[in-house]
Asker: 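Just passing along the structure, written as structure tokens.
Source: prediction; values computed, not measured.
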Amino acid sequence: MKCAFLFPGQGSQYPGMLQDLPKHPQVFAVIEEASRILSVDITQFDHAEALKSTVAVQLALLICGVATASVLITEGTAPDMVAGHSLGAFAAAVIAGVIEFKDALRLVKQRGEWMEQAYPCGYGMGIVLGMDERTLTAIVERVTTADAPVFLANRNAPDQIAVSGSLSSLEKLLDTARMAGARKTMLLNVGVPSHSPLMKDVSDQLAKAMEVVPFTDPRIPYGGIYKARTLFTAAEIRNDLAISTSAPVRWHEITTLFYEKGVRLFVEMQPGDVLTDLATNAFPEARAMSISKSGVPSAVILSKRMKEKWL
């Protein structure tokens with residue numbers, strides 16, 4: 001039995017999420033290191049007003065993911081594979097030993113700043129549930145315009161697809177999809193058009209910035225979200241982190257690959273439970289759990305029990 005750590009991305013944040021982390025020495029160490037490197041009190045990043053900033057959201061998510069995974073590893077539950085959704089890919093890269101936490105913090109800060117500067121307002125993301133990609137593609141083509149573009153973005157599940165772009169076109173798209181039979185549509189708590197061609201310049205800037213950052217081959221198999229393949233080299237992961245900023249996240253494909261490789265326990269790092277729900281629906285024969293809901297002790301106990309059962 002293999003265990004995969006899953007790291008959530010933007011949209012999973014909520015006020016107080018850093019305060020909700022386990023009261024554990026590893027958490028305190030991660031927060032202290034982040035505060036020292038960025039020269040700011042990191043605990044201020046999860047206030048409601050602060051979370052209006054893409055930079056604060058992305059840094060807080062990175063810190064939550066790395067801190068939670070560090071606690072689990074310290075307590076005896078180590079992953080066999082890792083993958084991160086969107087921004088969560090940076091936390092996955094840290095835990096896989098590809099990039100140092102201090103370098104990830106600086107890159108994520110730059111990434112968030114570039115995103116905000118490129119699209120400070122009027123853009124975002126939405127989600128459509130209960131509609132296949134072909135039908136949704138036709139709706140996208142109908143509502144998008146040169147002045148207000150909208151794109152298909154993340155493929156979270158066969159019937160759960162994110163869209164990204166101009167808010168005016170997003171609202172039209174979501175209304176049209178709902179009238180065409182979608183089970184549910186909603187705007188996401190994301191203030192930039194992530195994972196769309198509109199972020200191409202940010203991807204290019206990020207790729208250039210990473211050229212001078214040390215990357216090493218992963219100690220743990222790493223799930224690339226751009227091509228949905230297990231990546232084994234530093235160069236592949238560096239490329240995946242850069243390109244995925246402006247390309248759709250192929251989440252369902254990479255978690256399906258993990259399942260095919262023997263993963264039967266998916267553990268979602270804090271905050272949230274979106275990835276847990278996706279894994280539960282996609283792989284009913286596996287187990288999926290959210291640290292936010294179940295806690296670290298439950299994850300450690302379940303991991304040990306499942307490994308004993310399979311052994």
Side-chain angles (χ1 to χ4, degrees), residues 1-12 65 69 77-93 95-96 98 125 127-137 151-164 182-184 188 194-195 218 220-233 236-237 239-241 243-245 247-269 272-291 294 299 302-303 306-307 309-310:
M1 190 277 296
K2 293 181 180 179
C3 169
F5 281 8
L6 308 180
F7 297 82
Q10 200 165 345
S12 292
T77 297
D80 298 289
M81 298 179 182
V82 297
H85 193 291
S86 188
L87 185 279
F90 284 86
I95 297 304
V98 177
M125 298 186 72
I127 193 79
V128 178
L129 286 75
M131 179 169 283
D132 64 85
E133 184 172 342
R134 182 178 179 181
T135 304
L136 187 56
T137 298
F151 306 88
L152 288 186
N154 306 335
R155 278 66 167 180
N156 297 330
D159 66 345
Q160 185 183 129
I161 302 172
V163 286
S164 183
R183 183 170 69 254
K184 182 179 181 180
L188 296 175
S194 298
H195 308 294
I220 303 166
Y222 174 97
I225 54 177
Y226 168 52
K227 290 188 175 180
R229 295 289 182 269
T230 308
L231 306 180
F232 298 97
T233 70
E236 289 176 317
I237 296 172
N239 186 61
D240 194 79
L241 288 171
I243 294 179
S244 63
T245 299
V249 172
R250 296 166 64 179
W251 188 252
H252 181 68
E253 291 179 64
I254 192 59
T255 52
T256 298
L257 179 63
F258 278 10
Y259 183 82
E260 291 170 350
K261 288 180 175 288
V263 169
R264 291 298 181 270
L265 175 60
F266 295 90
V267 183
E268 181 177 3
M269 304 301 106
D273 58 1
V274 172
L275 305 183
T276 302
D277 289 344
L278 289 171
T280 297
N281 292 332
F283 315 111
E285 294 182 357
R287 295 290 297 272
M289 66 184 306
S290 157
I291 297 300
S294 303
L302 178 59
S303 176
M306 289 188 72
K307 285 184 181 293
K309 177 181 177 181
W310 280 69

Asker: Output the distance between atom CZ (Phe283) and atom CZ (Arg264), rounded to the nearest 0.5 Å.
Answerer: 9.0 Å

Asker: Just checking, is any N or O donor in the side chain of Thr276 or Glu268 under 3.5 Å from an acceptor N or O on the other one?
Answerer: yes

Asker: Which residues satisfy the side-chain contact (heavy atoms from CB on, under 4.5 Å) test with Leu188, sequence neighbours excluded?
Answerer: Met125, Ile127, Val190

Asker: Once rounded to the nearest 0.5 Å, what's the spacing between atom CG of Leu129 and atom CD1 of Ile161?
Answerer: 9.5 Å

Asker: Any side-chain donor paired with an acceptor under 3.5 Å for Asp132 and Thr135?
Answerer: yes

Asker: Under a plain distance cut-off of 3.5 Å, with no hydrogens placed, do Glu236 and Thr233 share a side-chain donor-acceptor pair?
Answerer: yes

Asker: Do we see a donor-acceptor contact under 3.5 Å between the side chains of Tyr259 and Glu285?
Answerer: yes

Asker: First locate atom CD1 of Ile220, then atom CG of Asp80, and finally report the distance between them rounded to the nearest 0.5 Å.
Answerer: 8.5 Å

Asker: Taking the six-membered ring for Trp, are Phe7 and Phe90 closer than 6.0 Å centroid to centroid?
Answerer: no

Asker: Do the charged groups of Arg229 and Asp240 touch, with an N to O distance under 4.0 Å?
Answerer: no

Asker: For residues Pro8 and Ser12, report the shortest heavy-atom separation together with the two atoms involved.
Answerer: CB-OG, 3.6 Å

Asker: Please tell me whether His195 and Ser86 have a donor and an acceptor in their side chains that are separated by less than 3.5 angstrom.
Answerer: yes

